[in-house]
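Below: the structure, in structure tokens.
Predicted model, so just to flag it, every value in this text is computed and none were measured. Letters A, B, ... are given to chains in the order of the sequence lines, protein chains preceding strands, and every chain is numbered from 1.
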Amino acid sequence: MTVHDNLVCPFCGCCCDDLKVEVVDNQIVSIENACVLGRSKLEACDADRYTTPMWYEGGVLQETSLDEAVDWVAKTLIRSSYPLLYGWSSTSCEAIKLGIELAEEVGGVCDNTTTVCHGPSIQGVHDVGEVATTLGTVRHRADLVVYWGCNPVHAHPKHMSRYSLFPRGRFVRRRSERRLIVVDPRRTDTARIADEFVQIQPGSDYEVISALRMAVRNEEIEASEVGGVPVERIEGLADMMTGCRFGIIFFGLGLTMSDGKNRNIDAAISLVRDLNARTKFLIMPMRGHFNVSGANIVSTWQTGYPFAVDFSRGYPYYNPGETSAVDLLSRGDCDAVLVVASDPVANFPAAAVRNLVKVPFAVIDPHKSATSACACVTIPSAFVGIEAEGTTYRMDGVPLPLRKVVEPPKGVKTDEEILRAILRRVRELKGGG
Amino acid sequence: MRLELLVKNGFVYDPLNKIDGEKKDIPVRDGKVVDRVSSSATVIDASDMIVMPGGVDLHSHIAGSKVNVGRLLRPEDHYWDVVPKTPVTRSGVGHSVPSIFTTGYRYAEMGYTTVFEPATPPLKTSHTHEELNDIPIIDKACFPLFGNNWVVMEKLRDGKLDECAAYVAWMLKATKGYAIKIVNPGGIEAWGWGKNITHLDDEVPNFGVTPREILRGLCKINLALGLPHPIHVHPNNIGTPGNYRTTLETMRCVEDLAKDGKPCIHVTHIQFLAYGGVDWLSISSHADDIASYVNSHSHVTVDMGQVVFGDTTTMTADGPFQYRLHQITHNKWVNADVEVETGAGVVPITYLRKNYVHAVMWTIGLELALLVKDPWKVYMTTDHPNGGPFTEYPRVISWLMSNKARQRIIKRIPRLARVRSNLSDIDREMTFSEIAVVTRAGTAKALGLKDKGHLGTGADADISVYRINPKTVDPSSQYREVRRAFRRVAYTIKDGEIVAKDGQVVKTLTGRTFWVDPAIPRDRMEQTVSELKGRFEDLYTVRFANYGVSEMLLPRSTPLITQSSL
């Protein structure tokens, strides 16, 4: 039996690094400290997966060899005039680097799942900046925690216990020394434990934030209620915010992807900026996949841009809405697609999926998924953080090492190995041509 | 065996070996400068050209989380400066915060071969190293931040200097860092509560220690650990009118600690620290006070932090300063606090020639560089990208070498800025040899890099050849030619290989990562580790086992083992 301690969980952006697993005969037999999400991933990593590359031949799904699959992908990418390489948020930074290199080599677009998740948050940052921190400062100092448009009880189950509400910090010692505000159209399970639950009308985030900004600046609000919230309540919330010693807003897709999108984030960051004239206040997006931050970070340092990077001109070009995956596919611009560690068929709008399945496309993923069911070629890969090592970035940008605790099934390679093979083959073919 | 090279017939400027523009051949074998090479060596004809050791930049923000957030913040900074892929180079973008490959190429194209990232939050240092690893060609290193570290502040408060030294040694080793960086000592911890520290004797909230004690403590530790570079200090009150007093006090506060007349403190980007006046209206240059202190003391070295007019991005670990800059400029603002250790901020800025404050800043950097008599004490930087992007170095060189080039600008800045600075009266013009000191020899010496910054036998074969003839070109009047030559190198040789030719990268290779491994007694290290393990989870949100940087991560790890007196 081997015991692996201090394991970084490869599920959500919390990247909890306190997991302990026991392995017997290459099987995980016990898991400690993981939340229900992390546990489900670690437990189920053996179920429902391919162990050899698959492709459709004559309309029938058949096994093929890795070399042939790699060759198919390489030739498809070279033949394509505008390929899309999409996914990246559930793999290691090392694999992401290879993905960017491959996209550059074939003159394609490299986009990650940020495009359908916190993309607008990042555009908000382009507009006004960000007031960020690592999670530890929240643990040590925050006496006011706001969750806006997110439900960590279900989506980031250990977020509150490790980082925000419950942990013992240096200056704030316990839950009773902190106040929790939850803003959401729904009474979520997070809302149930809030000191203040503010139920706003769906799609009214921008108005409510703007009203809060006015209240923080001591301006008079003419309306009697904003977004379903009485003005007196808004003024009370503003007083809580200006009156705390150290506050933080964690926001989720409820803020990012509802009406207003990047303008909501722009407003939220501006609110926090205003609050810093009165007290200490910070803001952080609740990132979903364990390495979606890493996908943005690596892409930014290598290309200057965090997602939706288009190499078709020979240099990195970025214009979300033009070069982002959903838009490219919806317009039918791409003539080949490589999906890595993601499931766009299950998540993208129908118009995008319809065009995706029309073009030659391959997927590299450990799971059987809706995407792999439609792909011309599926190359199974090892689970990063369980069967393969690498680097990941927590939602606050703290880099953490992912470890390998079990061997992948025989013949299954890591994303890194597969992408390196494709890149090599692309260069061979281009050199030869 | 690798190719041999012979850099033939150039005018060699190698101040460490007292060679001042003599015609000389530089033979190279296996990445080192040697006595002679065989007749089969590749000959680089450097006739009518200047030959210098490869440039060594000791303070340039090129990698790590705050640099990257600067890139993220400013797509508008990249759009107009694009770098297409070539058969030998990767694509990328400029401008003030270039993408990572472009950073390496642009340095090499100017003849720089070693660049140090001067601020990394220890918790995120594996990010910094991942970026450094991606920078092609140049050798590099990074300085972890210590000036607001809880463990450091507690140990210094409790007078446990030896324990603190052991902790610093552990941290340098754990993060693969090169030197002790101190930014706004105590002030960033105060910024954790939205406050700041403005005086050397103010107590850090909750920690019962003062900036003076932090500075002195870390300076003593630096000496005790025998580190190659002195404490690298960004003092309190940066960018504040009247701050020259704090700067002088910071230099004075470690005056008695120096040994054998060697420097024990490097005060960085001194331009931002030499302001007189009481507010932005009355701001003036106090470069002369700072320079006369530096001239009369041997324990301090400085670098310029020159401002270059144009658009750039400011970024420092000094969170409170960046917030203030945001309030002044109303430009977009990034703050990035880091638990237990430090913080950071990023704000874009456009330095305008017609802006009185910016013009004063411009004069101060040059004044300092020219008033400090000994070029071995003042180095050329723009605190990239804070004063301007590193790609502007050739302009700075032309200003240092030509009074005419300076006067052209002095004439066009606001009159008030002109009269509140002594720059118009300074007619000193640096020679090529002095430029070699402030851009390579002096910096290499300050960093303790024995094989860099010179071309003696055994030195690293990092060589830059510039297309300019010192016998026929008078830099004082022909400063445009100087600028052009330093912008596009004729040849850059790194580790004995030609990496850039005619200002274009022709080959890429992987540079070294320097870090220090202070040799301290084993029991002391074990004691530190066990104490730290015991409280690590009280401090951080990551486990001890997941902290730090494995040497495996560094493709060309180059540790420097130092002898400590612990």
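The pair A:Arg139-B:Glu339 does not meet the salt-bridge criterion, since no charged nitrogen lies less than 4.0 angstrom from a carboxylate oxygen. Under a 4.0 Å N-O distance rule, the pair A:Arg141/B:Asp337 does not qualify as a salt bridge. Between A:Arg170 and B:Glu189 there is no salt bridge, since none of the side-chain N atoms of the basic residue sits less than 4.0 Å from a carboxylate O of the acidic one.
Comparing B:Asn68, B:Val334, B:Val542 by heavy-atom pairs within less than 4.5 Å of chain A, the highest count is held by B:Asn68. For the set B:Arg74, B:Arg90, B:Glu537, the count of heavy-atom pairs under 4.5 angstrom toward chain A peaks at B:Arg90. Between chain A and the residues B:Asp77, B:Ile100, B:Val97, B:Leu553, the largest count of heavy-atom pairs under 4.5 Å involves B:Ile100. Top candidate by heavy-atom pairs under 4.5 Å with chain A, chosen from B:Gly194, B:Pro75, B:Ser65, B:Ala336, is B:Pro75. Ranked by heavy-atom pairs shorter than 4.5 Å toward chain B, the options A:Ala132, A:Pro167, A:Gly129 are led by A:Ala132.
Atom-to-atom distance recorded for A:Trp301:CH2 and B:Ile62:CD1 is 13.5 Å, nearest 0.5 angstrom. Within the model, atoms CG of B:Asn335 and CZ of A:Arg273 stand 12.5 Å from one another, a figure rounded to the nearest 0.5 Å. To the nearest 0.5 Å, atom CD of residue B:Glu76 and atom NE2 of residue A:His126 are 9.0 Å apart. Of the inter-residue distances, the one linking B:Phe101 atom CZ with A:Glu101 atom CD reads 7.0 Å to the nearest 0.5 angstrom. Going from atom OG1 of A:Thr279 over to atom NZ of B:Lys195 covers 7.0 Å, rounded to the nearest 0.5 Å.
Of all non-hydrogen atoms in B:Ser126 and A:Pro399, the two that sit nearest each other are OG-CG, 3.1 Å. B:Ala545 and A:Asn6 get closest at one heavy-atom pair: CB-ND2, 3.3 Å. The two residues B:Val338 and A:Thr137 make their nearest non-hydrogen contact at C-CG2, 3.9 Å. Nearest heavy atom pair, residue B:Ser91 against residue A:Tyr315, reads CB-CA, 3.9 Å. Contact detail for A:Arg394 and B:Thr541: the closest heavy-atom pair is NH2-OG1, 2.9 Å. Closest approach of B:Gly192 and A:Phe246 over heavy atoms only: O-CD1, 3.3 Å.
Neither the backbone nor the side chain of A:Ile269 comes within less than 4.5 Å of any heavy atom of chain B. Looking at B:Val69, the atoms closer than 4.5 Å to chain A (heavy atoms on both sides) all sit in the side chain, from C-beta outward. Using a 4.5 Å cut-off between heavy atoms, A:Tyr318 touches chain B through backbone and side chain atoms alike. In this structure, the portions of A:Thr300 lying under 4.5 Å from any heavy atom of chain B include both its backbone and its side chain. Looking at A:Cys93, only its side chain comes within 4.5 Å of chain B, counting heavy atoms on both sides. For a residue to count as touching a neighbouring chain, one of its non-hydrogen atoms must lie under 4.5 Å from one of that chain's; by this rule A:Thr391 touches chain B with the side chain only. Heavy atoms of B:Val340 lying under 4.5 Å from chain A belong exclusively to its side chain. Contacts of B:Asn546 with chain A are made by both backbone and side-chain atoms, with heavy-atom separations under 4.5 Å. At a 4.5 Å heavy-atom cutoff, A:Leu275 makes no contact with chain B through either its backbone or its side chain. Only the side chain of B:Trp150 has a heavy atom closer than 4.5 Å to any heavy atom of chain A. Looking at A:Asp127, only its backbone comes within 4.5 Å of chain B, counting heavy atoms on both sides. Only the side chain of A:Arg403 comes within contact range of chain B, with at least one heavy atom under 4.5 Å from a heavy atom of that chain. Residue contact with chain B, scored on non-hydrogen atoms closer than 4.5 Å, is absent for A:Phe281.
Heavy-atom contacts from other residues, nucleotides or ligands closer than 6.0 Å to CD of B:Glu154 number more than 12. Shown here is B:Lys173, whose NZ atom has no more than 12 heavy atoms of other residues, nucleotides or ligands within 6.0 Å.
Side-chain contact between A:Thr134 and B:Glu341 is absent, with no heavy-atom pair separated by less than 4.5 Å. No side-chain heavy atom of B:His326 sits under 4.5 Å from any side-chain heavy atom of A:Val131. In this structure, B:Trp333 and A:Asn276 have side chains that are in contact, with non-hydrogen atoms separated by less than 4.5 Å.
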Exercise. Given B:Arg543 and A:Asp18, is the side chain to side chain contact (heavy atoms under 4.5 Å, CB included) satisfied, shown in steps?
Worked result: CA-CA 7 Å; B:Arg543 291 274 177 104; A:Asp18 57 346; 3.3 Å; yes
For this session: Evaluate side chain to side chain contact (heavy atoms under 4.5 Å, CB included) for A:Ile297 paired with B:Glu130, printing each intermediate quantity in order.
Result: CA-CA 11 Å; A:Ile297 287 170; B:Glu130 275 199 83; over 6 Å; no
Problem set entry | side chain to side chain contact (heavy atoms under 4.5 Å, CB included) between A:Val398 and B:Leu123, worked out | CA-CA 7 Å; A:Val398 171; B:Leu123 177 64; 3.8 Å; yes
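Applying a 4.5 Å heavy-atom cutoff, the residues of residues 78-88 of chain B that approach chain A are B:His78, B:Tyr79, B:Val82, B:Val83, B:Pro84, B:Lys85. Residues of residues 342-349 of chain B never come within less than 4.5 angstrom of chain A, heavy atom to heavy atom.
Under a 3.5 Å cut-off, the side chain of A:His140 and the backbone N or O of B:Leu539 do form a donor-acceptor pair.
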